[in-house]
There are 4 protein chains.
Amino acid sequence: MPRSHIHRYRVAFVDCDPAQIVHFSNYFRWFDTASREFFTACGVPSWRDTERDSGIIGTPLVDAQASFRNPATYGEDLDIESWVEAWNTKSFVMRHVARRGDTVIAEGREVRVFAVREAGDPTRIRAVPIPAAWRALCE
Amino acid sequence: MPRSHIHRYRVAFVDCDPAQIVHFSNYFRWFDTASREFFTACGVPSWRDTERDSGIIGTPLVDAQASFRNPATYGEDLDIESWVEAWNTKSFVMRHVARRGDTVIAEGREVRVFAVREAGDPTRIRAVPIPAAWRALCE
Amino acid sequence: MPRSHIHRYRVAFVDCDPAQIVHFSNYFRWFDTASREFFTACGVPSWRDTERDSGIIGTPLVDAQASFRNPATYGEDLDIESWVEAWNTKSFVMRHVARRGDTVIAEGREVRVFAVREAGDPTRIRAVPIPAAWRALCE
Amino acid sequence: MPRSHIHRYRVAFVDCDPAQIVHFSNYFRWFDTASREFFTACGVPSWRDTERDSGIIGTPLVDAQASFRNPATYGEDLDIESWVEAWNTKSFVMRHVARRGDTVIAEGREVRVFAVREAGDPTRIRAVPIPAAWRALCE
């Protein structure tokens with residue numbers, strides 16, 4: 001069983017749309033936050049520190065996918081469970097499940113890379129091999 | 001060739017994150033807006049009008065996926081091309097490609113349904129068969 | 001001393017902009033959420049319930065103002081303290097202070113009204129007198 | 001009469017909340033974007049270029065205020081007119097008016113500074129005197 005982390009979030013009024021329910025795009029934002037909270041819980045330094053020390057600016061996404069099982073609305077607490085499903089040489093796969101109590105609200109899958117900036121153009125980035133020490137912290 | 005529509009959006013400062021590039025979650029927001037702009041261009045009424053006339057509140061998502069090909073940053077114009085790839089009985093598949101000039105920035109795929117509210121609980125929704133007249137407008 | 005409530009929020013990566021700090025617009029979102037959390041803590045029902053029972057859809061803003069004292073960034077916890085500073089016949093004034101530990105990060109002031117929808121046009125709203133029972137809960 | 005600029009934005013579904021109208025926090029985001037569009041129209045370089053050339057990361061806000069005159073909803077076009085109302089030594093005041101046709105929807109006022117990063121801590125910033133050449137472009 002890989003290491004996992006649960007991030008709790010209370011849905012806000014502003015997260016909901018005229019259909020009265022969470023706008024789906026917010027799940028991607030929350031899964032992204034849950035990814036960073038997972039890394040923090042595992043002991044991976046902040047991206048500010050990693051950029052200063054090794055140039056790594058974070059784990060940008062190559063691909064993201066989510067399925068929306070049940071609607072949620074404001075005032076409800078969501079527990080987002082996150083773990084790494086697969087480690088490749090330069091990319092890894094994160095999984096997320098958002099639950100309200102026992103009800104699955106949404107499930108997500110992200111393919112991410114560790115990235116540095118291209119020299120000379122701060123808006124261009126490229127993937128680097130996954131740092132072994134951080135992978136070890138997260139397994 | 002199915003009907004398609006192009007929605008132009010200029011990336012804003014607030015859309016970009018500490019990595020200096022667009023936060024990926026925004027592509028899902030923009031694809032969602034491009035879906036609605038597609039419907040508007042095809043002649044489908046606003047969801048306000050459809051809710052009043054037939055109870056249909058819009059086209060919530062069952063599943064969303066996107067691939068991020070190249071980073072974009074603020075001040076750049078993105079052209080998002082959208083079309084319906086497949087029509088099923090109760091769901092349909094929208095596709096989106098965001099380009100900056102000739103460069104593909106991101107590609108998206110959404111599975112959507114036409115939905116009405118459950119009687120008695122405005123935050124519960126259920127799918128209804130795709131209205132044939134609107135499908136005809138969009139093909 | 002009026003009743004007050006503290007809402008804690010951990011700043012997310014997506015809340016920060018290319019300057020590496022929280023984009024100021026988020027403070028307005030968080031103050032809005034803190035307002036709703038204040039009402040919940042005081043026992044005011046959800047706007048879903050109030051809309052069904054009395055037509056009141058919430059407390060839209062007439063005016064909002066904030067001062068930004070110090071920057072904050074992701075991974076930091078903010079404690080947002082909220083209270084009602086003044087009750088008028090049809091409007092009230094909420095105040096918010098966001099702190100990181102002892103450091104004031106931002107201060108906000110909102111003028112709000114209790115509102116119902118105009119008959120016949122769900123996107124038009126109008127203020128109603130402040131319900132005395134809810135005011136009593138919040139004082 | 002100071003120089004002004006008009007930025008057009010079409011309100012999106014995701015910008016609207018369960019009250020069916022634009023969530024007020026979005027006006028602050030759009031005024032911020034309108035500020036940057038104003039600078040671009042006047043010939044001020046992107047903050048990416050200014051950070052590289054002079055260390056200036058942009059014009060963070062010290063204070064923001066807005067009044068909400070009429071609700072707006074998705075599918076509507078807003079024209080946001082922006083100008084600088086006052087230039088001080090280290091700060092300046094921007095004004096914005098958002099209109100839908102002839103109807104004023106919202107008015108905003110921002111106090112901004114030109115800022116650089118503190119040496120040694122990228123998340124700390126400080127104001128610098130307003131560059132005379134850029135002020136001249138914007139008057």
Side-chain angles (χ1 to χ4, degrees), chain A residues 9-33 36 40 45-58 60 64 66 68 70-78 100 105-106 108 115-126, chain D residues 9-33 36 40 45-58 60 64 66 68 70-78 100 105-106 108 115-126:
Chain A
Y9 179 77
R10 177 167 294 184
V11 177
F13 186 78
V14 68
D15 300 322
C16 297
D17 64 25
Q20 314 281 336
I21 56 177
V22 171
H23 192 266
F24 77 96
S25 62
N26 288 301
Y27 293 106
F28 289 102
R29 300 202 309 133
W30 301 333
F31 290 159
D32 184 53
T33 300
R36 179 58 244 188
T40 299
S46 88
W47 307 134
R48 282 186 298 281
D49 291 345
T50 63
E51 180 164 14
R52 185 193 60 217
D53 296 341
S54 65
I56 288 175
I57 59 165
F68 311 104
N70 285 287
T73 191
Y74 61 97
E76 298 178 343
D77 286 319
L78 300 181
R100 182 186 56 222
I105 300 298
V116 297
R117 296 191 197 286
E118 288 287 3
D121 185 347
T123 69
R124 300 295 130 182
I125 58 179
R126 66 182 165 80
Chain D
Y9 179 77
R10 176 167 294 184
V11 178
F13 185 79
V14 69
D15 299 322
C16 297
D17 63 26
Q20 314 281 335
I21 57 178
V22 170
H23 192 267
F24 77 96
S25 62
N26 288 301
Y27 292 107
F28 289 102
R29 300 202 309 133
W30 300 333
F31 290 159
D32 184 55
T33 300
R36 180 57 244 189
T40 299
S46 90
W47 307 135
R48 280 186 299 281
D49 291 346
T50 63
E51 181 166 13
R52 185 193 59 218
D53 296 342
S54 66
I56 288 175
I57 59 165
F68 311 104
N70 285 287
T73 193
Y74 62 96
E76 297 177 345
D77 286 320
L78 300 182
R100 181 186 56 220
I105 301 298
V116 297
R117 297 190 197 285
E118 289 287 2
D121 185 348
T123 70
R124 302 293 130 181
I125 58 178
R126 65 182 166 81

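Model, not experiment: these values are computed from the prediction. Throughout, protein chains are lettered first and strands after them, A, B, ... in sequence-line order, and every chain is numbered starting at 1.
- Heavy-atom distances place no part of A:T73 under 4.5 Å from chain D, backbone and side chain included.
- Across A:A19, A:C16, A:P18, the residue that shares the most heavy-atom pairs under 4.5 angstrom with chain D is A:P18.
- When heavy atoms are compared at a cutoff of 4.5 Å, D:R48 approaches chain A solely by way of its side chain, counted from C-beta outward.
- Only the side chain of D:Y74 comes within less than 4.5 Å of a heavy atom of chain A; its backbone N, CA, C and O stay farther away.
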